There are 2 protein chains.
Amino acid sequence: MSTKEKILDLAEFYIQHYGYNGFSYNDISTSLGVKNAAVHYHFPRKEELIQEVLRKARVQFDLLAREAETLDKTHLEKVRRFLKIYDNNLTRDNRVCLIGALATDLYTLPAGLGHHLNVLVVAMKSWLAEVLLQGKEQGEFDFDGTADQRAGVICSGMAGALQMARILNNDEYYKIKSQLLNDIIK
Amino acid sequence: MSTKEKILDLAEFYIQHYGYNGFSYNDISTSLGVKNAAVHYHFPRKEELIQEVLRKARVQFDLLAREAETLDKTHLEKVRRFLKIYDNNLTRDNRVCLIGALATDLYTLPAGLGHHLNVLVVAMKSWLAEVLLQGKEQGEFDFDGTADQRAGVICSGMAGALQMARILNNDEYYKIKSQLLNDIIK
DNA sequence: AAATATACTTACTTATTAATAAGTAAGCTA
DNA sequence: TAGCTTACTTATTAATAAGTAAGTATATTT
């Protein structure tokens with residue numbers, strides 16, 4: 001893996017672990033065994049670094065959506081694949097989700113990043129809403145409210161669940177997740 | 001209001017608006033028209049300041065719980081009173097909730113604060129679970145899963161909703177909130 | 001009237017931040 | 001082989017961070 005890719009992975013880790021204002025170029029460079037200026041060489045400003053982290057997250061979500069399209073037979077399987085994103089955050093050092101982490105720091109972020117964050121959230125939430133809608137039409141799901149509303153409840157609930165897990169314990173996360181799933185199946 | 005109280009209110013605002021690492025003693029002092037050392041006079045270290053913000057939040061929640069006990073006739077009214085806490089965060093400058101804000105910064109916080117945050121979350125969640133349980137036993141509510149699970153879904157969903165509102169729009173918050181309420185009534 | 005406490009200010013320290021300028025070694029390219 | 005690019009390092013900057021020691025004005029107590 002190139003230094004540039006390692007920087008991106010470390011930046012993502014630090015954002016999800018400590019928040020946007022909780023890490024520095026020095027944290028990344030010393031983790032990597034290079035100098036702070038080497039990080040600036042690849043990403044001149046912190047804004048560019050975070051923007052690239054968000055772009056990469058969007059690319060990875062698009063990949064997940066394509067995998068769901070080709071590999072998953074039921075809509076429930078697609079939803080489970082989606083929720084695994086959050087599981088991975090929990091199991092990898094109790095990260096909170098990228099969106100939740102950046103949302104709480106939003107008003108301290110360089111101006112351009114809000115838009116990129118919005119694009120990511122809209123992509124994920126609207127994909128989930130579409131899966132829920134089709135699953136309901138085909139009798140696979142049963143839930144109250146619109147698919148859009150239900151997608152909002154799930155996205156915000158999962159983001160919050162990762163935060164609760166930190167304060168209470170990991171089991172709290174799984175309890176919330178299973179209940180959110182139950183609420184669309186019954 | 002005393003300078004000390006004003007400092008506490010400003011600290012709470014800054015945490016919810018910018019996160020723990022997104023504000024400084026200077027931000028507070030210049031907002032107040034005093035010097036940074038004056039803030040250190042009242043709260044020598046940032047840890048003491050945040051601890052006091054959390055203690056105050058717990059006191060205010062206890063007050064809400066007592067008001068609910070004396071003023072609210074139905075369990076639904078109690079839940080609505082509880083959810084109004086989140087409404088107030090939204091309407092006052094799109095704050096995220098104190099718990100969500102500090103959860104994403106948790107691993108950068110002075111060591112002692114995790115415990116105080118845990119105490120606040122346990123108090124709020126267990127109170128809500130008890131209201132939900134009694135409301136269900138008396139036929140006022142109808143929901144799947146345990147009251148504890150449902151309380152977890154509501155707490156994490158509301159925390160996440162405030163974060164989503166920042167990225168999408170305030171209407172997203174109200175859509176999530178109404179759906180979470182719907183899920184316990186039906 | 002003298003001593004003490006409260007609520008600050010002045011002035012500072014030490015450490016860290018994002019960012020930049022200038023230099024360098026290795027490799028590729030014409 | 002001369003020039004250019006890549007991927008850095010060295011060294012520094014201006015700004016900001018939390019925190020502190022010592023001084024001062026005002027009010028309260030003795």
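Naming: A, B, ... by sequence-line order, numbering from 1 per chain. Heavy atoms only: backbone and side chains are in, while hydrogens, waters and symmetry mates are out. Being a predicted model, the structure only gives us computed values, none of them experimental.
Between A/Lys46 and C/dA18 there is a side-chain polar atom (N or O) within less than 4.0 angstrom of OP1 or OP2. In this model, the phosphate group of D/dA18 is not approached by any side-chain N or O of B/Arg45 to a distance below 4.0 Å at OP1 or OP2. Note on A/Tyr41: a side-chain N or O is less than 4.0 Å away from OP1 or OP2 of D/dA7. Between A/Ser24 and C/dT17, a side-chain N or O to OP1/OP2 separation shorter than 4.0 Å is present. The side chain of A/Thr3 contributes no N or O atom lying less than 4.0 Å from OP1 or OP2 of D/dA7.
Place B/Ala37 and A/Asp27 on DNA chain C by their nearest nucleotides, and B/Ala37 ends up nearer the 5' end. Residues A/Gly33 and B/Tyr20 each lie close to DNA chain D; by heavy-atom proximity, the contact nearer the 5' end of the strand is made by A/Gly33.
Here the shortest heavy-atom pairing between A/Asn21 and B/Tyr18 reads ND2-O, 4.1 Å.
Note on A/Phe43: nothing from the nucleic acid sits closer than 4.0 angstrom, heavy atoms only.
A cation-pi geometry, defined here as NZ or CZ lying under 6.0 Å from the six-membered ring centre and within 45° of its normal, holds between B/Lys46 and B/Phe23.
Checking A/Asp87 against A/Tyr174 by side-chain atom types alone, no donor-acceptor pair falls below 3.5 Å.
In this structure, the nucleotide among C/dT10, C/dT17, C/dA18 sitting nearest to the side chain of A/His40 is C/dA18. With distances taken from any side-chain atom of B/Ala38 to the nucleotides C/dA19, C/dC8, D/dC8, the minimum falls on C/dC8.
The NE2 atom of B/His42 sits 9 Å away from the C1' atom of C/dT6 (whole-angstrom rounding).
A/Gln163 places no side-chain N or O within 3.5 Å of a backbone atom of B/Ala103 that could act as its donor or acceptor partner.
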